[in-house]
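In what follows, a structure is listed as structure tokens, so that the remarks can point back to it.
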Amino acid sequence: MGDNDAASWMHPRPGAIDLLPASRQPRRIRKRLTRRSRVSTATIFTPMSPSETPEEHFPLQTVYTRTSQPRFVNRYDSREMLLVVDGSCINNGSASQPATGGCSFAYKGVGRSGLTTAFPFSAGEQGGSEGGTVGFPLEQTGPGGEYHVASSNRAKLRAVIAALQFREWQVEGWRRIVLATDLEYVVFGATSWLVSWAKRRWKTRKAQRVANRDLWEELHSIIDRLAGLGTEVSFWLIPSRSLIKQASDLVRDTKDVAREAALVHSDTSAEEFTRLCGIEV
């Protein structure tokens with residue numbers, strides 16, 4: 001690490017997004033889930049009103065007893081906040097062209113009428129953000145350093161991990177973090193299938209290898225840690241063809257940002273698994 005990098009990490013600027021590649025993080029032992037492991041799962045979020053969009057159910061508010069920054073706060077329970085996540089993959093499943101993935105998450109701001117998007121991997125944008133939505137390319141390697149082919153499922157799962165790691169959300173005092181997504185693979189994987197996969201030694205019911213084990217184990221460690229600190233992780237499944245999804249600027253914008261990250265903002269800087277850290281954002 002160079003002197004400038006060290007200074008940037010030791011004295012981060014408010015409003016910045018710091019990029020922390022795996023090579024800059026302290027070495028840690030990855031917790032592998034086995035059939036004997038105690039598995040911590042997320043829960044399913046059921047909206048109070050099924051007709052409300054995410055931004056209607058979780059309007060943008062500032063709860064000054066927790067943070068000076070606005071958050072999407074549950075209008076029926078001010079102890080709960082919302083993150084909207086998405087992922088995209090260009091040439092997904094193609095055998096002739098390389099696949100590139102993009103990820104996104106929104107933590108404040110309301111759709112097209114809200115704050116701008118930050119692409120912290122892009123030249124000229126590293127280190128700062130005025131936006132409430134973050135877009136970044138899917139890295140070529142996982143948290144353990146192994147190379148992985150990009151896919152839509154992997155991009156969306158990676159977006160969930162990035163959103164949960166972006167801030168120490170439990171320090172702000174949230175009892176529950178709700179993640180909204182349209183992908184059943186992520187929702188049911190985190191709330192149910194994870195237990196079965198571990199018991200079957202990471203095989204599906206058809207005895208096939210479970211994809212993205214490295215990310216699933218990374219997500220599990222985050223869910224388990226937050227649970228130990230008193231913060232529950234829940235998933236809100238937004239059906240792909242639902243009226244709610246069509247009516248939500250926030251959901252559509254997050255999807256557009258993920259696709260833009262896959263199309264425009266993918267370069268060699270995205271080779272290494274990198275944690276995105278929001279500093280006073």
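Residue indices begin at 1 and follow the sequence shown.
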Next on the checklist: Tell me if a side-chain donor or acceptor on Arg275 pairs with a main-chain N or O of Gln165 at a distance below 3.5 Å.
Outcome noted: yes

Next on the checklist: side chain to side chain contact (heavy atoms under 4.5 Å, CB included), that's the test. Do Glu80 and Arg175 meet it? Break it down for me.
Outcome noted: CA-CA 6 Å; Glu80 300 179 357; Arg175 184 185 67 85; 2.5 Å; yes

Checklist entry - Should the ring pair Phe45 and His57 be called parallel, tilted or perpendicular, given that the plane angle runs from 0 to 90° and is split at 30 and 60? => result perpendicular

Next on the checklist: Give me the atom names and distance for the closest heavy-atom approach of Phe235 to Ala190.
Outcome noted: CE1-CB, 3.5 Å

Checklist entry - Between Thr43 and Ser234, do the side chains contain an N or O donor and an N or O acceptor separated by less than 3.5 Å? => result yes

Item to check | Donor-acceptor under 3.5 Å (His220 side chain, Ser40 main chain) | outcome: yes

Next on the checklist: Closer than 3.5 angstrom, by distance alone: can the side chain of Ser221 be matched with the main-chain N or O of Glu218 as a donor-acceptor pair?
Outcome noted: yes

Next on the checklist: Has Trp202 got a side-chain atom pairing as donor or acceptor with Leu33's backbone, closer than 3.5 angstrom?
Outcome noted: yes

Next on the checklist: Using the rule given for side-chain hydrogen bond (donor to acceptor under 3.5 Å, both in side chains), can you reason through Lys203 versus Gln208, listing the C-alpha separation, both sets of side-chain angles and the distance that settles it, and then say yes or no?
Outcome noted: CA-CA 5 Å; Lys203 299 287 186 180; Gln208 297 177 333; over 6 Å; no

Checklist entry - Closest approach of Pro54 and Ile238, non-hydrogen atoms and distance? => result CG-CD1, 4.2 Å

Item to check | Backbone of Tyr64 reached by a side-chain donor or acceptor of Thr62 within 3.5 Å | outcome: no

Item to check | Heavy-atom side-chain contact between Val134 and Thr117 under 4.5 Å | outcome: no

Item to check | same_hphob_cluster(Phe188, Val233) at 4.5 Å side-chain heavy-atom cutoff | outcome: yes

Checklist outcome for this item: Asp214 and Gly142 have their tightest heavy-atom pair at OD2-CA, 3.4 Å

Checklist entry - Roughly how far, to the nearest 0.5 Å, is NZ of Lys108 from CG of Leu82? => result 15.0 Å

Next on the checklist: On a heavy-atom basis, which atom in Leu250 and which in Ala106 lie closest, and how many Å separate them?
Outcome noted: CD1-CB, 3.8 Å

Next on the checklist: Treating Ser37 as the side-chain partner and Thr34 as the backbone partner, does any N or O pair qualify as donor plus acceptor under 3.5 Å?
Outcome noted: yes

Checklist entry - For Phe136 and Ala162, which heavy atoms make the closest approach, and how far apart are they? => result CZ-CB, 3.4 Å

Checklist entry - Less than 4.5 Å apart, any side-chain heavy atom of Arg200 and any of Arg35? => result no

Checklist entry - Just by modelled atom types, is the Leu60 backbone N or O under 3.5 Å from a matching donor or acceptor in the Glu55 side chain? => result no

Item to check | Separation between OG of Ser88 and CG of Leu138, rounded to the nearest 0.5 Å | outcome: 10.5 Å

Checklist entry - Does the side chain of Tyr107 reach to within under 4.5 Å of the side chain of Val281, using non-hydrogen atoms? => result yes

Checklist entry - Taking it one step at a time, do Thr181 and Asp86 satisfy side chain to side chain contact (heavy atoms under 4.5 Å, CB included)? => result CA-CA 6 Å; Thr181 178; Asp86 213 325; 5.7 Å; no

Checklist entry - Between Glu146 and Thr141, is any side-chain donor less than 3.5 angstrom from a side-chain acceptor? => result no

Next on the checklist: Test side chain to side chain contact (heavy atoms under 4.5 Å, CB included) on Arg154 and His148; report intermediate values, then the result.
Outcome noted: CA-CA 9 Å; Arg154 188 171 180 84; His148 293 273; 3.2 Å; yes

Checklist outcome for this item: Value for CD (Gln170) from OG1 (Thr231), rounded to nearest 0.5 Å, stands at 5.5 Å

Checklist entry - Same cluster or not: are Val171 and Leu83 linked, directly or through other Ile, Leu, Val, Met, Phe, Trp or Tyr residues, by side-chain heavy atoms under 4.5 angstrom apart? => result no

Next on the checklist: If you compare all heavy atoms of Tyr185 against all heavy atoms of Ala211, which two are closest, and at what distance to 0.1 Å?
Outcome noted: OH-O, 3.5 Å

Next on the checklist: For Phe72 and Trp169, I'd like to know if the aromatic rings sit close, meaning centre-to-centre distance below 6.0 Å.
Outcome noted: no

Checklist outcome for this item: Only residue of Arg167, Arg66, Arg79 satisfying salt bridge (Lys or Arg N to Asp or Glu O under 4.0 Å) with Glu172 is Arg167

Next on the checklist: Let me confirm one number: the CG-CG distance from Leu219 to Leu194, rounded to the nearest 0.5 Å.
Outcome noted: 7.5 Å

Next on the checklist: Hydrophobic cluster membership, with links at side-chain heavy-atom distances under 4.5 Å among I/L/V/M/F/W/Y: are Ile44 and Met81 in one?
Outcome noted: yes

Item to check | Approximate separation, where rounding is to 0.5 Å, of Ile161 CD1 and Leu276 CG | outcome: 12.0 Å

Item to check | Test log, rule side chain to side chain contact (heavy atoms under 4.5 Å, CB included), inputs Val251 and Thr53 | outcome: CA-CA 9 Å; Val251 170; Thr53 64; over 6 Å; no

Next on the checklist: Assess the residue pair Tyr76 and Glu52 against the criterion (side-chain hydrogen bond (donor to acceptor under 3.5 Å, both in side chains)); give the C-alpha distance rounded to whole Å, side-chain angles, the decisive distance to 0.1 Å, and a yes or no.
Outcome noted: CA-CA 12 Å; Tyr76 305 103; Glu52 288 183 334; 3.1 Å; yes

Checklist entry - Quick one: do Val149 and Leu157 end up in the same hydrophobic cluster if we chain Ile, Leu, Val, Met, Phe, Trp and Tyr together by side-chain heavy atoms under 4.5 Å apart? => result no

Next on the checklist: Check for me whether Arg213 meets the cation-pi criterion with Trp197, that is, NZ or CZ under 6.0 Å from the six-membered ring centre and within 45 degrees of the ring axis.
Outcome noted: no

Checklist entry - Hey, does the side chain of Thr191 reach the backbone of Val187 with a donor-acceptor pair shorter than 3.5 angstrom? => result yes

Checklist entry - Could you give the distance from OG1 (Thr46) to CG (Leu237), rounded to the nearest 0.5 Å? => result 10.5 Å

Item to check | Residue of the set Lys156, Arg241, Arg252 for which salt bridge (Lys or Arg N to Asp or Glu O under 4.0 Å) holds with Asp182 | outcome: Lys156

Item to check | Face-on cation placement of Arg158 at Phe273 ring, 6.0 Å and 45° thresholds | outcome: yes

Checklist entry - For Thr274, does its backbone N or O pair with a side-chain atom of Glu139 as donor and acceptor, under 3.5 Å? => result yes

Checklist entry - Is a side-chain N or O of Asn91 found less than 3.5 angstrom from the main chain of Pro98, in a donor-acceptor match? => result yes

Checklist entry - Centres of the Phe166 and Phe105 rings: under 6.0 Å? => result yes

